[in-house]
Amino acid sequence: MTNARNPEFEAECIRRILAGEKHLFHDLIRPCERSLYFLLFSLLKNEADAEDAAQDTVIKVFRNLHLFRGDSQFRTWVLSIARNEGLGRLRKAETRREDSLDALTDSEAGDFTPAVLTSWREIPLEALERNELGALLRTAIEGLPAIYRNVVLLRDIEEMDVRETAAALGISEGAVKVRLHRARLLLQRDLAPRLKGFAPRTGGLFGWGK
Amino acid sequence: MRIDCQHVWEYISAYIDGEVPVELRAEIDQHLETCEICSAVLDSTRNVVVLIGDGRVFELPAGFTDRLHERLEKELALSES
């Protein structure tokens with residue numbers, strides 16, 4: 001759930017910060033925090049590293065605020081700085097082969113067919129009250145190849161539109177759509193067979209809300 | 001000509017986002033009426049998308065915002081001096 005962002009508020013805020021009211025930067029950056037963190041988490045796959053990189057990014061954004069041109073959304077600009085920060089750290093680490101920079105391209109062919117089912121019983125949002133369900137979903141997303149994980153986190157979790165996601169990740173809008181499609185099918189194939197146990201029992205006494 | 005299951009699967013994500021052109025959407029809808037497999041694939045994929053989008057699945061680490069603004073406060077103080 002992203003906080004509402006208002007371009008006029010942002011522009012006014014930036015003008016005042018640059019004119020000396022620096023404390024306003026707290027309010028300016030607040031609506032970007034979640035997207036910033038989850039983009040970095042999707043790159044670095046580790047909470048502590050993502051938090052550290054998020055803090056460094058925010059400091060860089062503050063120091064370079066005078067360079068923001070206003071020809072993109074402020075959050076998009078922040079996210080591109082975050083992405084550079086994340087990629088820089090990956091380059092330094094380069095330890096995990098599966099998530100190395102080579103894996104950040106679309107070259108792999110892969111199998112993107114869904115799990116074939118003959119019926120589906122809706123899992124309601126209330127099922128998320130069971131912690132195992134949240135854990136199952138997080139593990140599935142974290143298990144996606146990096147290029148798909150990024151896109152799912154920004155599009156389906158941070159609810160960014162295709163254009164902003166493409167700008168933040170430095171890829172084309174077409175690539176965002178292809179990757180999102182593949183990511184969703186990979187998640188469906190992984191999760192659908194395992195989610196069935198979370199469907200509410202039909203009828204009467206043991207249903208939800210009892 | 002009727003479209004087959006493989007073809008429908010190629011458009012699952014665009015269908016969920018309402019980005020399939022009207023004519024193709026009508027063909028897919030027609031296919032879904034009689035194909036229980038594709039209906040289940042579509043319903044389960046859409047269900048997964050709705051579930052992962054819930055704010056409870058991915059939350060910021062506890063104290064993240066406080067720590068961030070504390071660090072920022074120090075930076076702001078430094079830049080004043």
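Chain letters run A, B, ... following the sequence lines, proteins first and then strands; every chain starts at 1. Below, all heavy atoms of this structure are taken into account, side chains as well, without hydrogens, waters or symmetry copies.
Between chain B and the options A:Leu137, A:Val58, A:Leu125, the largest number of non-hydrogen pairs under 4.5 Å is found for A:Leu125. Ranked by heavy-atom pairs shorter than 4.5 Å toward chain A, the options B:Val48, B:Val57, B:Thr65 are led by B:Val57. Ranked by heavy-atom pairs under 4.5 Å with chain B, the list A:Leu133, A:Leu153, A:Thr113 is led by A:Leu153. Chain A forms the most heavy-atom pairs under 4.5 Å with one residue out of B:Asp43, B:Leu42, B:Leu72, and that residue is B:Leu72.
The CD atom of B:Glu73 sits 12.0 Å away from the NZ atom of A:Lys22 when rounded to the nearest 0.5 Å. One finds the CD1 atom of A:Ile29 at 7.5 Å from the CG atom of B:Leu68 (value rounded to the nearest 0.5 Å). Atom-to-atom distance recorded for B:Ser79:OG and A:Phe25:CZ is 10.5 Å, nearest 0.5 angstrom. Here CD1 of A:Ile59 is found 9.0 Å from CG of B:Leu78. Values are rounded to the nearest 0.5 Å. Atom-to-atom distance recorded for A:His181:NE2 and B:Glu10:CD is 7.0 Å, nearest 0.5 angstrom.
A:Phe68 pairs by the ring pair (Phe, Tyr, Trp, His ring centres under 6.0 Å) definition with A:Phe74, A:Trp77, not counting sequence neighbours. For B:Arg67, the side chain to side chain donor-acceptor pair (under 3.5 Å) partners are A:Glu51, not counting sequence neighbours. With sequence neighbours excluded, the residues satisfying ring pair (Phe, Tyr, Trp, His ring centres under 6.0 Å) with B:His69 are A:His26.
If you measure heavy-atom distances from A:Leu180 to chain B, the contacts under 4.5 Å come from both the backbone and the side chain. Residue A:Ser119 touches chain B through its backbone alone, counting heavy-atom pairs closer than 4.5 Å. Contact of A:Asp190 with chain B is not made at all, since no heavy-atom distance falls under 4.5 Å. Heavy atoms closer than 4.5 Å to chain A are found in the side chain of B:Ile16, but not in its backbone. Within the 4.5 angstrom heavy-atom criterion, only side-chain atoms of B:Glu19, from C-beta onward, approach chain A. Heavy atoms of A:Arg155 lying under 4.5 Å from chain B belong exclusively to its side chain. Proximity to chain B is absent for every atom of A:Ala183, based on heavy atoms less than 4.5 angstrom apart.
Contact between B:Val49 and A:Arg184 at its shortest, heavy atoms only, is CG2-NE, 3.6 Å. Smallest separation of non-hydrogen atoms from A:Ile157 and B:Ile52: CG1-O, 3.4 Å. A pairwise comparison of heavy atoms in A:Leu117 and B:Ser44 identifies CD1-OG, 3.5 Å as the closest pair.
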ask   = Is there a side-chain contact (heavy atoms from CB on, under 4.5 Å) between A:Glu47 and B:Phe64 once you walk through the steps?
value = CA-CA 10 Å; A:Glu47 282 194 4; B:Phe64 171 87; over 6 Å; no
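The side-chain heavy atoms of B:Val41 and A:Trp120, taken from C-beta on, include no pair separated by under 4.5 Å. Using a 4.5 Å heavy-atom cutoff, the side chains of B:Trp9 and A:Val116 are in contact. Using a 4.5 Å heavy-atom cutoff, the side chains of A:Phe41 and B:Phe58 are in contact. The shortest side-chain heavy-atom distance between A:Leu185 and B:Ser13 does not fall under the 4.5 Å cut-off.
In this structure, B:Asn47 contributes its side chain and A:Ile123 its backbone to a donor-acceptor pair below 3.5 Å.
Look at A:Lys177 and B:Asp17 and you find no salt bridge, because none of the NZ, NE, NH1 or NH2 atoms lies under 4.0 Å from a carboxylate O.
Atom CZ of A:Arg194 is surrounded by more than 12 heavy atoms from other residues, nucleotides or ligands within 6.0 Å. Other residues, nucleotides and ligands place no more than 12 heavy atoms under 6.0 Å from the CD atom of B:Glu23.
When the heavy atoms of residues 31-40 of chain B are compared with those of chain A, the residues falling under 4.5 Å are B:Glu36, B:Ile37, B:Ala40, listed by number.
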